[in-house]
A.B. asks: 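Take a look at this one; I'll ask things after.
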Amino acid sequence: MASITVRNLDDGLKRRLRIRAAEHGRSMEQEARDILKAALNEDAAPSTNLGTAIHRLFRPFGVENLEIPPREPMREPPQFD
């Protein structure tokens, strides 16, 4: 397995990592591995296009059955004489 060294880590960030690791009952190193794994697996998920994402977001509200109002005829453009 590979290993990495993280230099110039902010003291506050290191403190938060130490606290989070303690809350989960594991070492800082294991906590960092799990955070990296979760972040990289999240990015590996296939991306969806915007239309699909919007559809999934509003599907629970039953938007498939919305009534589409009839269109009105186009207005005449203004005349600038």
Side-chain angles (χ1 to χ4, degrees):
M1 282 207 167
S3 62
I4 62 171
T5 301
V6 180
R7 292 185 175 84
N8 301 321
L9 191 62
D10 180 58
D11 290 335
L13 187 61
K14 182 181 177 187
R15 184 178 66 251
R16 289 172 50 203
L17 179 62
R18 181 175 42 81
I19 292 169
R20 182 173 164 161
E23 288 172 348
H24 292 136
R26 52 188 167 212
S27 69
M28 285 177 39
E29 186 176 344
Q30 182 61 46
E31 188 70 20
R33 275 194 296 268
D34 288 349
I35 291 169
L36 284 170
K37 184 187 294 185
L40 294 175
N41 284 339
E42 182 179 294
D43 291 342
S47 62
T48 58
N49 65 37
L50 181 60
T52 303
I54 291 171
H55 185 262
R56 285 184 185 157
L57 181 65
F58 288 99
R59 185 184 314 152
F61 303 108
V63 295
E64 291 92 5
N65 301 324
L66 289 178
E67 185 177 321
I68 299 173
R71 292 187 148 210
E72 298 177 3
M74 288 181 50
R75 296 181 295 174
E76 290 294 322
Q79 299 295 322
F80 298 105
D81 295 327

A.B. asks: Could you identify which residues cluster with Met28, counting Ile, Leu, Val, Met, Phe, Trp and Tyr as linked when any side-chain heavy atoms lie under 4.5 Å apart, either directly or through a chain of such contacts?
C.D. replies: Leu17, Ile35
A.B. asks: Exactly one of His24, Arg20, Arg26 should register a side chain to side chain donor-acceptor pair (under 3.5 Å) with Asp34. Which one does?
C.D. replies: Arg26
A.B. asks: Hydrophobic cluster mates of Ile4, side-chain heavy atoms under 4.5 angstrom, ILVMFWY only, any path?
C.D. replies: Val6, Leu9, Leu13
A.B. asks: Linking Ile, Leu, Val, Met, Phe, Trp and Tyr by side-chain heavy atoms under 4.5 Å, what else ends up with Leu36?
C.D. replies: none
A.B. asks: Going from CD on Glu76 to CE on Met74, what distance comes out if it is rounded to the nearest 0.5 angstrom?
C.D. replies: 8.5 Å
A.B. asks: Which residues pass the salt bridge (charged side-chain N to carboxylate O under 4.0 Å, His left out) test with Arg18, sequence neighbours left out?
C.D. replies: none
A.B. asks: Applying side-chain hydrogen bond (donor to acceptor under 3.5 Å, both in side chains), can you list everything that pairs with Arg33, at least two apart in sequence or on another chain?
C.D. replies: Glu29, Gln30
A.B. asks: Can you name the residues that form a side-chain hydrogen bond (donor to acceptor under 3.5 Å, both in side chains) with Asp11, not counting sequence neighbours?
C.D. replies: none
A.B. asks: Tell me the closest heavy-atom pair linking Ala21 and Ser27, and the distance in Å.
C.D. replies: CB-O, 3.6 Å
